[in-house]
Amino acid sequence: MSDPADVLADLRAEGDELDAFVGELSDEQWRRGTPAAGWSVAHQIAHLAWTDRAALLAVTDPEAFAAEVEKALAAPERFVDDGAEEGAALPPAELLARWREGRERLDAALRKVPPGGRFPWYGPPMSAPAMATARLMETWAHGQDVADALGVRRAATARLRHVAWIGHRARDYAYLVRGERPPAEPFRVELVAPEGESWTYGPEDAAQRVRGTALDFCLLVTQRVHRDDTGLRAEGADAEHWLGIAQAFAGPAGAGRAPREGAR
């Protein structure tokens, strides 16, 4: 887990980068469809604003957050989409202002959490660094949807280390959410970072391994690309299976993305 100040600084930078893409969009561009079925650019930003608000409640008002959890349990298949729909219906300028304000308020709240402090979440309780890491992962992933919709090519940055860390840590969750038993033995993940250094996770002597670029791994575990459209290499049947189901985000098993035409 990264130092809290470091991950909070990276979360701010990730939000600022996405803000630069959407800050001057036309109304037509806000309505443009993204690779997520039924979601426009506005839906993507609305979802981030909605989740930031939920995170702020969890940090500052656990009782109010508990009420939000009850709403989620009452409509587990709809509550995420409903939150995105509500925000996407706002005028773009209002939605953008809401997202910006939420980011600032969450940043301030997370910086005030004492070392070792934890607060409730939809899954296990979270620490401030873990919440910031999760928010960065979501901001990057939904930012990829926006970039794809706008035809923008984003440069991979060292901030991907946070996404890769979650992707590796969430290995067992990907199995459990599908009703499968996770493998007993840990996996080794060896990634080439954007600037050429190596990021490694898991024991050196693990029999099951994944190798490739950090960008491909992060796109895969956030389900922004199909397995066949990456250069990731698996050693071992269990590692190969994991690459077909991996997800770094909480919630039901994602549908993933279809392979591009001509992919292997």
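Both backbone and side-chain heavy atoms feed into the values below; hydrogens, waters and symmetry mates do not. It should be emphasised that the depicted structure is a prediction, and the values quoted were computed from it without experimental measurement.
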For this session: Please find out if less than 6.0 Å separates the ring center of Trp199 from that of Phe217.
Result: no
Problem set entry | Closest contact, heavy atoms only, Arg154 versus Gly143 | NH1-C, 3.6 Å
Exercise. Between Pro194 and Thr157, which heavy-atom pair has the shortest distance, and what is it?
Worked result: CG-O, 3.3 Å
Exercise. Between Arg103 and Trp99, is NZ or CZ placed under 6.0 angstrom from the six-membered ring centre and within 45° of the ring axis?
Worked result: yes
Exercise. Which pair of heavy atoms, one from Met126 and one from Ala134, lies closest together, and at what distance?
Worked result: CE-CB, 4.0 Å
For this session: Please lay out, stage by stage, how Ile45 and Leu18 fare under the test side chain to side chain contact (heavy atoms under 4.5 Å, CB included).
Result: CA-CA 9 Å; Ile45 300 303; Leu18 178 54; 3.9 Å; yes
Exercise. What closest approach, in Å, do Pro186 and Pro203 show between heavy atoms, and which atom pair accounts for it?
Worked result: CG-CG, 3.6 Å
For this session: Take Leu191 and Tyr201 through the side chain to side chain contact (heavy atoms under 4.5 Å, CB included) test and state the conclusion after the steps.
Result: CA-CA 9 Å; Leu191 304 176; Tyr201 310 91; 4.0 Å; yes
Exercise. Does CZ belonging to Arg118 count more than 12 external heavy atoms closer than 6.0 Å?
Worked result: yes
Exercise. Taking the side chain from Arg227 and the backbone from Leu220, do they hold a donor-acceptor pair closer than 3.5 Å?
Worked result: no
Exercise. Same hydrophobic cluster for Phe119 and Trp121, using side-chain heavy-atom links shorter than 4.5 Å among ILVMFWY?
Worked result: yes
Problem set entry | Side-chain touch Trp242/Val189, heavy atoms, less than 4.5 angstrom | yes
Exercise. Any link between Leu243 and Met137 through a network of hydrophobic side chains (Ile, Leu, Val, Met, Phe, Trp, Tyr) touching at under 4.5 Å?
Worked result: yes
Exercise. Hey, does the Lys NZ or Arg CZ of Arg209 hover above the aromatic six-ring of Phe187, less than 6.0 Å from the centre and inside 45° of the axis?
Worked result: no
Problem set entry | Any donor-acceptor N/O pair, Asp145 side chain to Thr34 backbone, under 3.5 Å | no
For this session: Look at the side chain of Glu235 and the backbone N and O of Gln208, then say whether any donor-acceptor pair between them is shorter than 3.5 Å.
Result: no
Problem set entry | Heavy-atom side-chain contact between Glu185 and Asp238 under 4.5 Å | yes
Exercise. Which distance, rounded to the nearest 0.5 Å, do you find between the CZ of Arg153 and the CG of Asp148?
Worked result: 10.0 Å
Seminar exercise, completed: dist Leu136:CG -> Ile166:CD1 (nearest 0.5 Å) comes out at 8.0 Å
For this session: Check whether more than 12 heavy atoms from other residues, nucleotides or ligands sit under 6.0 Å from atom CD of Glu28, and answer yes or no.
Result: yes
Problem set entry | Neighbour count >12 (heavy atoms, 6.0 Å) for atom CZ, Arg53 | no
For this session: Dump the intermediate steps for salt bridge (charged side-chain N to carboxylate O under 4.0 Å, His left out) on Glu101 and Arg98, then the final yes or no.
Result: CA-CA 5 Å; Glu101 179 187 7; Arg98 179 180 292 190; over 6 Å; no
For this session: Using atom types as modelled and distance alone, determine if a side-chain donor or acceptor of Tyr173 lies under 3.5 Å from a backbone N or O of Gly251.
Result: yes
For this session: Measure from the ring center of Tyr175 to the ring center of His241 and say whether it is less than 6.0 Å.
Result: yes
Problem set entry | Euclidean distance, Thr139 OG1 relative to Glu17 CD, rounded to 0.5 Å | 11.0 Å
Exercise. Does Arg188 come within less than 4.0 Å of Glu190, counting only side-chain N to carboxylate O?
Worked result: yes
Problem set entry | Derivation of the side chain to side chain contact (heavy atoms under 4.5 Å, CB included) call for Arg12 and Asp107 | CA-CA 8 Å; Arg12 178 179 288 273; Asp107 178 83; 3.2 Å; yes
Exercise. Do Gln223 and Arg257 touch side chain to side chain, with heavy atoms closer than 4.5 Å?
Worked result: no
Problem set entry | Least distance between heavy atoms, Cys218 atom then Ala164 atom | SG-N, 3.6 Å
Exercise. Is Arg211 atom CZ crowded by more than 12 heavy atoms from other residues, nucleotides or ligands, each under 6.0 Å away?
Worked result: yes
Exercise. Is the centre of the Tyr122 ring less than 6.0 Å from the centre of the Phe79 ring?
Worked result: yes
Exercise. Is the shortest heavy-atom distance from the side chain of Leu73 to the side chain of Glu70 under 4.5 Å?
Worked result: yes
Exercise. If two hydrophobic side chains count as joined below 4.5 Å and joins carry through other members, does Val80 share a cluster with Val177?
Worked result: no
Exercise. When rounded to the nearest 0.5 angstrom, what is the spacing between OG1 in Thr200 and NE2 in His168?
Worked result: 9.5 Å
Exercise. Taking all non-hydrogen atoms of both residues, which atom of Ser40 and which atom of Arg31 are closest, and how far apart?
Worked result: CB-O, 3.6 Å
For this session: Identify whether Phe21 and Leu219 are in the same connected component of the hydrophobic contact network (ILVMFWY, side-chain heavy atoms under 4.5 Å).
Result: no
Exercise. Counting N and O atoms only, with roles assigned by atom type, does the side chain of Asp216 sit under 3.5 Å from a partner on the main chain of Gly231, one being a donor and the other an acceptor?
Worked result: yes
Seminar exercise, completed: Here the gap from Thr51 atom OG1 to Arg135 atom CZ, rounded to the nearest 0.5 Å, amounts to 4.5 Å
For this session: For the pair Arg171 (side chain) and Pro183 (backbone), establish whether a donor and an acceptor sit closer than 3.5 Å, ignoring hydrogens and angles.
Result: yes
Exercise. Can any side-chain N or O of Arg111 pair as donor or acceptor with the backbone N or O of Ala109 at less than 3.5 Å?
Worked result: no
Problem set entry | Test item: Pro120 and Pro125 side chains (from C-beta on) under 4.5 Å apart, heavy atoms | no
For this session: Look only at the side chain of Gln29 and the backbone of Ser26, and say whether a donor-acceptor pair between them is shorter than 3.5 Å.
Result: yes
For this session: Measure the spacing between CZ of Arg159 and CG of Asp6 and express it to the nearest 0.5 Å.
Result: 13.0 Å
Exercise. Do Val163 and Leu48 share a hydrophobic cluster (ILVMFWY, side-chain heavy atoms under 4.5 Å, transitive)?
Worked result: no
Problem set entry | Heavy-atom side-chain proximity of Arg178 to Ile245 below 4.5 angstrom | yes
Exercise. Should we say atom CD of Glu86 is surrounded by more than 12 heavy atoms from elsewhere, each under 6.0 Å from it?
Worked result: no
Problem set entry | Short N-O contact, Asp10 and Arg161, less than 4.0 angstrom | yes
Exercise. Can you find a pair of side-chain heavy atoms, one from Val192 and one from Leu215, that are under 4.5 Å apart?
Worked result: no
Problem set entry | Aromatic centroids of Trp39 and His47 separated by under 6.0 Å | yes
Exercise. Which is it for Trp30 and Leu95 under the side chain to side chain contact (heavy atoms under 4.5 Å, CB included) test, yes or no, and what are the steps along the way?
Worked result: CA-CA 10 Å; Trp30 277 97; Leu95 172 57; 3.9 Å; yes
